[in-house]
Amino acid sequence: YMGCNLKLVNEWAAMLTLFIGLIWIGGAALSSNVVETIQPVAAAIVSAHQFELVDLEFVREGQSWYLRLYIDKPGGINIEECAMVSDELSEKLDAMEPDPIPQAYFLEVSSPGAERPLKKEADFQNAIGKYVHVGLYQKLDGKKIFEGDLTAVTPTTLTIDYLDKTRHKTVTINREQISQARLAVKF
């Protein structure tokens with residue numbers, strides 16, 4: 001009798017797990033190259049639909065792992081397109097040997113949103129004239145974060161026009177100093 005109940009509980013748990021989109025993958029120990037392994041697979045799927053792979057990350061948040069893809073296209077991406085890429089990538093990942101991710105994780109595919117990360121050279125070039133948020137590894141002129149209009153981009157620097165209290169200032173930042181950069185919403 002107890003075995004029957006346990007079987008029902010296990011079947012229910014399996015259905016619930018499938019329903020919430022948790023993917024179980026067994027295999028080798030987690031390696032630091034999960035993104036490098038998955039990136040070409042994801043890029044092929046995304047480019048086949050003429051979308052852009054903006055970013056790919058594999059991160060732990062609390063007890064859970066997340067494989068996140070940010071995709072876009074001119075005019076913006078919609079939820080059906082995100083679901084299509086998610087389904088195709090999930091199918092490809094399930095078929096990969098050896099498994100690239102040995103533990104449970106959530107697969108999330110979404111638009112980069114209004115605060116799109118700036119990673120590639122084209123991202124920076126397209127952001128000229130736009131309001132950006134740039135975080136630094138170390139302080140520059142007493143600040144680690146600059147928000148302002150991106151006015152110039154070179155292969156080694158970014159120039160930002162920003163407001164310091166009531167004064168307009170300009171800062172040129174070496175790209176090696178940048179920990180992260182993204183578009184920002186101006187309030």
How about [X] and [Y]: do any of their side-chain heavy atoms sit closer than 4.5 Å?
X	Y	result
Asp94	Asp99	no
Phe51	Asp72	no
His133	Gln180	yes
Leu69	Glu108	no
Ser64	Phe106	yes
Lys73	Glu81	yes
Gln138	Gln177	no
Lys120	Glu52	yes

- Just wondering, more than 12 heavy atoms not from Glu97 lying within 6.0 Å of its CD? yes
Is a donor on one side and an acceptor on the other found under 3.5 Å between the side chain of [X] and the backbone of [Y]?
X	Y	result
Ser47	Ala43	yes
Arg182	Ala184	no
Gln39	Glu36	no

- Charged N to carboxylate O below 4.0 Å: is that the case for Lys130 and Asp149? no
Run the salt bridge (charged side-chain N to carboxylate O under 4.0 Å, His left out) test against [X] and tell me which residues pass, sequence neighbours left out.
X	result
Lys143	none
Lys169	Asp164
Arg175	Glu121
Asp55	Lys119

- Note on the structure: Hits for ring-ring contact (aromatic ring centres under 6.0 Å, His included) against Tyr131, two or more places apart or cross-chain, chain-then-number order -> none
To which residues is [X] joined in a hydrophobic cluster, defined by side-chain heavy-atom contacts under 4.5 Å among Ile, Leu, Val, Met, Phe, Trp and Tyr, whether direct or through other members?
X	answer
Ile128	Leu118, Phe124, Val132, Val134, Leu136, Leu140, Phe146, Leu150, Val153, Leu158, Ile160, Tyr162, Val171, Ile173, Ile178, Leu183
Tyr70	Val54
Leu163	none

Partners of [X] by side-chain contact (heavy atoms from CB on, under 4.5 Å), sequence neighbours excluded?
X	value
Glu61	Val59, Tyr66, Arg68
Asp87	none
Met96	Thr37, Val41, Leu93, Pro100
Thr172	Thr157, Thr159

Of all heavy-atom pairs between [X] and [Y], which one has the smallest distance, and what is that distance?
X	Y	answer
Ile38	Leu56	C-CD2, 4.2 Å
Tyr105	Ile101	CD2-CG2, 3.5 Å
Ser110	Cys82	CA-SG, 3.7 Å

- In Å and rounded to the nearest 0.5 Å, what is the CG to OG distance from Leu107 to Ser86?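 Here the interatomic distance stands at 4.0 Å.
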- CD1 on Ile77 to CD1 on Ile71, rounded to 0.5 Å: 4.0 Å
- Message: Ring centres under 6.0 Å, that's the criterion: do Phe58 and Trp65 meet it?
- Response: yes
- Task: Could you go through the side-chain contact (heavy atoms from CB on, under 4.5 Å) check for Lys92 and Ile45 one step at a time?
- Result: CA-CA 9 Å; Lys92 290 277 189 191; Ile45 292 168; 3.8 Å; yes
- Task: Quick one: do Lys186 and Glu147 satisfy side-chain contact (heavy atoms from CB on, under 4.5 Å)? Show the steps, please.
- Result: CA-CA 9 Å; Lys186 191 175 191 176; Glu147 282 196 355; over 6 Å; no
